[in-house]
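Worksheet: the structure to be examined is printed underneath.
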Amino acid sequence: MAGKVYLVGAGPGAADLITLRGADVLRRAGIVFFDALVHADTLALAVDAEKIAVGKRCGRHSTAQRFINKRLIDAAASHAVVVRLKGGDPMLFGRAHEELQALQEAGIEVEIVPGVTAALAASAAVQVSLTRRGVARSVTFVTPRTAAGEPQHDWAGAIAAADTGVIYMGAGEAEEITRALIAAGVPASTPVLVVENASLPAEEQTRLTLGDLPGFAAGRHAGPVLIMLGRVYGDAYAAAKAGARAALG
Ligand code: SAH
């Protein structure tokens with residue numbers, strides 16, 4: 001049998017933020033390989049499928065990735081519909097390129113179903129647009145995380161050059177992130193919004209400034225975290241401060 005492999009975006013967390021197309025593919029799936037961040041209710045859409053967790057841990061990416069590639073190829077030999085279910089959108093910090101390449105080299109048909117990426121879910125949650133006329137015309141999505149052996153990348157310079165920045169996979173590295181951004185010329189007074197568990201019941205939003213980020217982030221965060229920064233968050237920050245002052249009387 002020559003099955004088809006679907007790389008499906010599960011969305012940011014909430015189970016009803018998957019696309020109709022993604023849900024339909026899951027219903028037809030014979031086997032699903034899913035990431036650690038995928039919601040149990042999303043997985044439950046795959047009523048007839050064998051479900052296999054392939055969540056990766058930091059720092060052990062490359063071996064695990066080769067193994068996942070091989071399992072996808074093998075699965076296509078025995079299942080008509082194979083799903084690789086990924087958090088958010090598969091095409092953003094999702095290693096889709098490696099899987100796509102391995103599948104194409106093996107002559108397997110692939111289709112990609114987009115999903116709502118975390119930055120968009122977090123923006124919806126905080127109700128602050130990533131862009132704003134006259135204030136923010138450019139947005140950059142970065143991750144400071146690099147795998148062993150990967151060349152250095154100037155992610156901090158990319159944030160400094162954009163109006164609004166969104167940092168993926170930055171939890172636990174707040175000190176390094178702050179240091180790198182300030183060295184790249186981002187002022188310590190830049191407004192920051194930290195959103196944890198966007199779209200989920202455990203969602204938490206914190207408004208602060210870049211200079212305060214290391215102190216805030218130390219020793220917390222069990223869920224996935226996005227760090228968002230730029231002038232668009234300034235008003236929100238001011239409003240929160242005013243609210244806090246009012247609450248203090
Ligand atoms: N492909 C995914 C990103 C995978 S990288 C996407 O498009 O969203 C994993 C990182 O995404 C996490 O470290 C965190 O920075 C971010 N993330 C994923 N889900 C999130 C959520 N619900 N809330 C906040 N950040 C999230």
Side-chain angles (χ1 to χ4, degrees), residues 6-19 21-22 32-43 53-62 64-65 68 83-100 112-128 130 139-147 150 153 155-156 158-159 164-174 176-178 180-181 192-208 213 216-217 220-230 233:
Y6 294 80
L7 308 186
V8 177
D16 58 352
L17 282 177
I18 191 168
T19 64
R21 187 180 297 180
V32 177
F33 297 91
F34 64 98
D35 275 351
L37 290 175
V38 172
H39 197 287
D41 292 350
T42 307
L43 212 50
V54 289
K56 288 170 283 184
R57 279 186 287 142
C58 309
R60 301 191 51 207
H61 282 326
S62 44
Q65 190 58 54
I68 292 170
V83 171
R84 174 72 177 100
L85 187 60
K86 292 168 173 289
D89 184 277
M91 306 303 254
L92 193 67
F93 304 130
R95 318 230 354 166
H97 176 77
E98 284 117 299
E99 291 173 11
L100 201 52
I112 297 162
V113 181
V116 176
T117 190
L120 304 186
S123 296
V126 301
Q127 302 196 345
V128 179
L130 288 164
V139 182
T140 185
F141 293 168
V142 306
T143 181
R145 178 153 306 156
T146 47
E150 233 182 286
H153 176 263
W155 60 267
I159 293 237
T164 306
V166 181
I167 303 175
Y168 283 71
M169 290 179 272
E173 294 174 41
E176 297 89 319
I177 286 172
T178 303
L181 287 175
V192 172
L193 264 178
V194 179
V195 183
E196 179 173 3
N197 286 314
S199 83
L200 292 165
E203 178 181 286
E204 265 188 54
Q205 310 170 8
T206 307
R207 297 164 155 83
L208 65 169
L213 185 62
F216 161 76
R220 41 170 290 138
H221 302 311
V225 170
L226 277 184
I227 300 166
M228 309 165 87
L229 68 161
Y233 304 112

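Order of listing sets the numbers, starting from 1, for every ligand and every atom in it. No experiment lies behind these values; they were computed from the predicted model shown.
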**Q.** Gap between atom CG of L213 and atom CD1 of I167 - 0.5 Å precision
**A.** 7.5 Å
Q: May I have the step-by-step check of side chain to side chain contact (heavy atoms under 4.5 Å, CB included) for F216 and T206, ending in yes or no?
A: CA-CA 9 Å; F216 161 76; T206 307; 3.4 Å; yes
Q) Do L120 and D89 come within less than 4.5 Å of each other through their side chains, counting heavy atoms only? A) no
(Q) Give me the nearest non-hydrogen protein atom to atom 7 (O) of ligand 1 as residue plus atom name, then the distance to 0.1 Å. (A) T117 OG1, 2.6 Å
(Q) Show the atoms of ligand 1 that are less than 4.0 angstrom away from any heavy atom in P12. (A) 19 (N), 21 (C), 22 (N)
Q: Starting from atom 24 (C) of ligand 1, find the nearest protein heavy-atom neighbour and note its residue, name and distance.
A: P224 O, 3.3 Å
Q: Just need the protein heavy atom nearest to atom 16 (C) of ligand 1, so name the residue and atom and give the distance.
A: Y168 CD2, 3.8 Å
Q: Determine which pairs satisfy salt bridge (charged side-chain N to carboxylate O under 4.0 Å, His left out) with at least one residue from residues 112-121, sequence neighbours left out, and list them in order.
A: none
Q: Within a distance under 4.0 Å of any heavy atom of F93, pick out the atoms of ligand 1 and give their elements.
A: 4 (C), 5 (S)
(Q) Could you check whether any side-chain heavy atom of W155 comes within less than 4.5 Å of a side-chain heavy atom of I177, counting everything from C-beta outward? (A) yes
Q. If you count the atoms of ligand 1 from 1 in the order shown, which ones are under 4.0 Å from a heavy atom of V195?
A. 24 (C)
**Q.** Nearest non-hydrogen protein atom, atom 9 (C) of ligand 1
**A.** M169 CG, 3.8 Å
Q. Is it the side chain (CB and beyond), the backbone, both or neither of T143 that lies under 4.0 Å from ligand 1, heavy atoms counted?
A. neither
Q: Could you grab the distance from atom NZ of K86 to atom CZ of R95, nearest 0.5 Å is fine?
A: 8.5 Å
Q) In terms of residue, atom name and distance, what is the protein heavy atom nearest to atom 3 (C) of ligand 1? A) L92 O, 3.7 Å
Q: Looking only at protein heavy atoms, identify the closest one to atom 23 (N) of ligand 1 and say how far it is in Å.
A: A198 N, 2.8 Å
Q | atom 18 (C) of ligand 1: the protein heavy-atom neighbour that sits closest, reported with distance to 0.1 Å | A | A118 CB, 3.7 Å
Q: Only heavy atoms count here, so choose which of V225, N197, D35, I227 is nearest to atom 15 (O) of ligand 1.
A: V225
Q.
Using side-chain heavy atoms (C-beta onward) and a distance below 4.5 Å, is R84 in contact with P90?
A. no
May I have the list of side-chain donor-acceptor pairs in residues 9-18 shorter than 3.5 Å, sequence neighbours left out?
none

Q.
Below 4.0 Å from ligand 1: does a non-hydrogen atom of G87 turn up there or not?
A. yes
(Q) What protein heavy atom lies closest to atom 25 (N) of ligand 1? Include the residue and the distance to one decimal. (A) L226 CG, 3.5 Å
Q. To the nearest 0.5 Å, what is the distance between NE2 (H97) and CE (M91)?
A. 10.0 Å
